[in-house]
Chemist: 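Here you go, one structure.
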Amino acid sequence: MDGIKYAVFTEKSIRLLGNNQYTSNVESGSTRTEIKHWVELFFGVKVIAMNSHRLPGKGKRMGPIMGHTMHYRRMIITLQPGYSIPPLIEKRT
């Protein structure tokens with residue numbers, strides 16, 4: 001699971017959970033086939049579609065120097081009906 005960084009929980013991604021679509025940020029150098037293989041192998045699910053887009057890095061100021069963060073890729077993974085991915089973040093008690 002080197003390519004998948006973490007799950008994304010935004011208003012849109014929570015709305016997409018109803019359509020059996022999961023959103024996560026991945027390494028920018030990862031390909032669709034690599035991510036599909038990792039998800040199917042790790043979670044034991046069947047992926048039917050994948051959408052991806054590259055998000056730009058953000059500007060960060062460090063004193064007088066203007067730097068930036070690295071860009072990253074976001075994948076929206078659609079699973080076959082009947083499959084689901086368990087929650088990636090569990091609340092600790």
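In this text, all values refer to a predicted model and were calculated from it rather than measured experimentally.
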Chemist: Please find the pair of heavy atoms, one from Thr10 and one from Ser13, that lie closest to each other, and give the distance.
Modeler: N-OG, 2.6 Å
Chemist: Working to the nearest 0.5 angstrom, can you tell me the gap between Lys5 NZ and Met75 CE?
Modeler: 13.0 Å
Chemist: Test Met50 against every option in Thr78, Ile76, Ile35 by the side-chain contact (heavy atoms from CB on, under 4.5 Å) rule and name the one that passes.
Modeler: Ile35
Chemist: Evaluate the criterion side-chain contact (heavy atoms from CB on, under 4.5 Å) for residue pair Leu79 and Ile48; output intermediate values, then yes/no.
Modeler: CA-CA 6 Å; Leu79 303 181; Ile48 58 172; over 6 Å; no
Chemist: Calculate, to the nearest 0.5 Å, the distance between atoms CZ and CG belonging to Arg74 and Asn51 respectively.
Modeler: 13.0 Å
Chemist: Out of curiosity, His53 NE2 to Tyr72 OH, how far, rounded to the nearest 0.5 Å?
Modeler: 8.0 Å
Chemist: Among Asn25, Ile77, Val26, find the residue that satisfies the side-chain contact (heavy atoms from CB on, under 4.5 Å) test when tested with Ile4.
Modeler: Val26
Chemist: What distance do Arg73 atom CZ and Arg32 atom CZ have between them, rounded to the nearest 0.5 Å?
Modeler: 8.0 Å
Chemist: Can you see which heavy atom on Pro86 is nearest to which on Phe43, and at what distance?
Modeler: CD-CD2, 4.2 Å
Chemist: Ile85, Ile14: one ILVMFWY side-chain cluster at the under-4.5 Å cut-off?
Modeler: no
Chemist: Side-chain contact test, heavy atoms from C-beta onward, threshold under 4.5 Å: evaluate it for Thr23 versus Leu16 and give yes or no.
Modeler: yes
Chemist: How long is the span from the OG1 atom in Thr31 to the NZ atom in Lys36, to the nearest 0.5 Å?
Modeler: 11.5 Å
